[in-house]
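Notes for the one structure printed next.
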Amino acid sequence: MSEEKYVLNADFGISAGLFNKRPLKPATFVIFGATGDLTMRKLVPGLYNLFVDNQLPEDFTILGVARSKRSLEDFKSRLKTGVEKYSRSGFNSDDWEKLAGRIGFFQMDYDLDESYFELSKLIEIEDDKNKDRSFLFYLATPPASFAPILSGLGKHGLITPEHLKGLPHTRVVVEKPFGRDTATALELNSIARMYLDEEQLFRMDHYLGKETVQNLLIFRFANAIFEPIWNRRYVQKVRITAFEKIGIEGRGRFYEETGIVRDVLQNHLLQIMALCAMEAPSSFDAERIRDERAKVFNSIRPLNSADTNSVSLGRYKGYLDEKDVSPDSKTPTYASVKMFIDNWRWEGVPFILSTGKALSQKMTQVEIYFAPVPLCLFEDKDVCTKLEPNVLTIRIQPEEGITLKIGAKTPGEKLDVSPVNMHFDFNTSFKGKAQQEAYEKLLLDCLKGNQTLFARQDEVERMWKFVAPLLEGAKDGSIEIKEYDVNSDGPEVKP
């Protein structure tokens with residue numbers, strides 16, 4: 001093995017005394033695509049924060065894996081820059097040096113069998129001293145690399161099914177999107193099933209790690225006043241929105257492969273929708289929650305892409321001039337769908353999911369519109385026309401919180417009604433309590449083996465089937481991609 005092939009610290013193994021004792025098993029965290037932005041911006045800053053908060057296992061190491069050659073010093077310098085810039089808890093040089101002592105780097109070709117053999121020897125996965133150790137393989141690579149990496153890991157014994165006792169304890173974390181469409185998702189699931197049990201595969205969607213998204217379940221099932229009216233009798237419509245002010249920021253090559261439907265709608269918004277629409281689980285066990293989400297996906301009415309009142313695709317002006325974007329691109333940067341869930345609770349209630357880039361504001365939120373009052377009791381018709389429906393808004397970002405709009409009498413002798421807000425602000429109410437970043441929460445769940453906030457195989461396949469008409473319509477031109485102005489609210493015609 002050549003000297004420049006890989007580099008490790010002398011203390012890449014275990015250094016005692018850096019952590020207090022914790023119940024988590026010893027772990028080796030292997031990151032494929034380790035020189036990319038995701039590792040620098042999210043993964044290592046997240047692991048650093050968990051380290052500072054004393055939440056990682058005592059015996060924990062990180063190995064960065066990438067195609068490109070890089071010295072260990074250069075690699076760690078890049079990660080240090082990421083921690084300095086993106087860490088929630090700030091930067092402490094002593095803490096960083098302790099964590100950096102656990103970091104190694106390995107350059108490999110994802111398509112070369114010999115590389116997996118060398119990787120296996122490097123992390124000592126078959127050594128008896130590691131029989132109680134967890135090995136996590138994080139695929140922070142472009143989706144096209146998922147299949148060859150999964151196959152390479154499986155063929156060379158780096159990942160093994162959990163039900164086969166006596167083998168190393170292995171898990172795989174796959175960054176979204178999981179596949180490009182239904183066919184590729186089925187293919188990936190088929191490859192994964194050859195080498196892993198479903199309980200070992202963690203399909204990452206960082207939106208589900210956000211505190212306010214997790215609060216959806218608590219809000220619904222810990223407050224008796226809302227669940228009785230959380231149905232078609234009282235809810236007029238549900239609107240779920242994820243807007244960004246920024247464009248693609250120079251990521252033309254990535255975005256041409258992905259697009260807004262794959263990037264946000266197929267995963268983030270559909271998962272949030274399922275949390276809003278699911279029935280109460282029999283317990284808060286991960287599988288019971290995922291069972292209820294899957295029932296929602298099985299009840300979704302298929303999209304009619306020919307119905308312009310149900311679907312809308314758009315592209316911001318100037319997208320075609322972005323670097324690495326094809327001049328005849330058919331990639332949308334805006335998507336909106338009106339969907340229905342054909343079950344007892346939600347029959348006839350539209351769920352409107354919208355997402356886009358280069359829009360007038362940055363926000364991700366859920367709005368529950370309740371039905372209007374059945375009869376206006378006020379004699380003044382002007383008062384009646386001012387009555388607005390009650391709206392429950394759950395803000396996921398920014399300014400996380402919950403607002404309920406209600407009608408109240410305007411002060412004065414004249415009978416008048418005005419909308420007012422009952423407001424809960426997350427940061428104000430929980431001031432002084434550290435709030436984990438989404439990736440921190442999900443990385444910790446991966447270490448613990450908690451799959452509550454990760455999509456199961458059947459969920460993923462049903463989500464791809466739902467968005468298939470949008471992907472096909474954009475590709476063959478049957479759905480018009482309307483241009484919209486930057487800093488606008490998107491295309492003029494929306495569901």
Just checking, any donor-acceptor pair under 3.5 angstrom between side chains of [X] and [Y]?
| X | Y | value |
| --- | --- | --- |
| N450 | T452 | yes |
| Q365 | R239 | no |
| S87 | N49 | yes |
| E256 | S329 | yes |
| T61 | T28 | yes |

Taking all non-hydrogen atoms of both residues, which atom of [X] and which atom of [Y] are closest, and how far apart?
| X | Y | value |
| --- | --- | --- |
| Y48 | S89 | CE2-OG, 3.9 Å |
| P281 | E292 | CA-CG, 3.9 Å |
| I396 | E400 | O-CG, 3.0 Å |
| N267 | K176 | ND2-CD, 3.7 Å |
| T39 | A140 | OG1-CB, 4.2 Å |

Return yes if some donor-acceptor pair links the side-chain N/O of [X] with the main-chain N/O of [Y] below 3.5 Å, else return no.
| X | Y | answer |
| --- | --- | --- |
| R102 | L63 | no |
| R293 | A277 | no |
| Q200 | T170 | yes |
| R395 | E399 | yes |

Neighbour count above 12 (heavy atom, 6.0 Å) for [X] [atom1]:
| X | atom1 | answer |
| --- | --- | --- |
| R253 | CZ | no |
| K85 | NZ | no |
| K42 | NZ | no |
| E84 | CD | yes |
| E114 | CD | no |

Point to revise | R456: which of D205, D291, D197 passes salt bridge (charged side-chain N to carboxylate O under 4.0 Å, His left out) | key: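 Among D205, D291, D197, the one that satisfies the salt bridge (charged side-chain N to carboxylate O under 4.0 Å, His left out) with R456 is D291.
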
Practice item. Could you walk me through whether Y316 and Y319 pass the ring pair (Phe, Tyr, Trp, His ring centres under 6.0 Å) test, one step at a time? Key: CA-CA 6 Å; Y316 66 81; Y319 174 78; 5.7 Å; yes

Would you call [X] and [Y] a side-chain contact if the rule is heavy atoms closer than 4.5 Å?
| X | Y | value |
| --- | --- | --- |
| L139 | V173 | no |
| Y439 | L38 | yes |
| L320 | P327 | no |
| Y110 | T141 | yes |
| S134 | F29 | no |
| F243 | K362 | no |
| I352 | V238 | no |

Review point. Roughly how far, to the nearest 0.5 Å, is OG of S299 from CZ of R462?
Key: 9.0 Å

**Study point:** Inter-residue atom distance E124.CD - F135.CZ, 0.5 Å rounding
**Key:**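 Answer rounded to 0.5 Å: 8.0 Å.
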
Exercise for review: List the steps and the verdict of salt bridge (charged side-chain N to carboxylate O under 4.0 Å, His left out) for E440 and R88.
Suggested key: CA-CA 10 Å; E440 294 173 43; R88 163 185 58 83; 2.7 Å; yes

Does the pair [X]/[Y] count as a salt bridge with the N-to-O cut at 4.0 Å?
| X | Y | value |
| --- | --- | --- |
| E244 | K357 | yes |
| D109 | R67 | yes |
| D445 | K448 | no |
| D324 | R251 | no |
| R290 | E287 | yes |
| D476 | K330 | no |
| D37 | R78 | yes |
| K295 | E279 | no |
| D485 | K317 | yes |
| R232 | E347 | no |

Check your understanding: Run the ring pair (Phe, Tyr, Trp, His ring centres under 6.0 Å) check on F297 and F466 step by step: do they pass?
Key -> CA-CA 9 Å; F297 293 127; F466 175 73; 9.0 Å; no

Practice item. Flag the pair W464 / F178 as yes when their ring centroid distance falls below 6.0 Å, and as no otherwise. Key: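 So the answer is no for these two rings.
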
Exercise for review: Might you work through the side chain to side chain contact (heavy atoms under 4.5 Å, CB included) test for L275 and L217, ending with a clear yes or no?
Suggested key: CA-CA 7 Å; L275 294 177; L217 290 178; 4.0 Å; yes

Do the numbers put [X] on top of the ring of [Y], so that NZ or CZ is under 6.0 Å from the six-membered ring centre and no more than 45° off the axis?
| X | Y | value |
| --- | --- | --- |
| R203 | F454 | no |
| K237 | Y369 | yes |
| K210 | Y207 | yes |
| R301 | F340 | yes |

Review point. When the ring planes of Y334 and Y484 are compared, do they come out parallel, tilted or perpendicular, using 30° and 60° as the limits?
Key: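 Perpendicular: the ring planes of Y334 and Y484 meet at over 60°.
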
Review point. So Y116 and H156, would you call those rings parallel, tilted or perpendicular, with 30° and 60° as cut-offs?
Key: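 Because their plane-to-plane angle is under 30°, the rings of Y116 and H156 count as parallel.
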
**Study point:** Working for side-chain hydrogen bond (donor to acceptor under 3.5 Å, both in side chains), residues S354 and S336
**Key:** CA-CA 4 Å; S354 304; S336 185; 2.6 Å; yes

Point to revise | Chi angles and distances behind the side chain to side chain contact (heavy atoms under 4.5 Å, CB included) call for I300, F351 | key: CA-CA 10 Å; I300 294 176; F351 283 69; over 6 Å; no

Review point. Between V174 and M204, does a side chain to side chain contact (heavy atoms under 4.5 Å, CB included) hold up when you go through it step by step?
Key: CA-CA 6 Å; V174 182; M204 175 69 74; over 6 Å; no

Review point. Run the side chain to side chain contact (heavy atoms under 4.5 Å, CB included) check on L269 and T355 step by step: do they pass?
Key: CA-CA 8 Å; L269 295 195; T355 181; 3.9 Å; yes

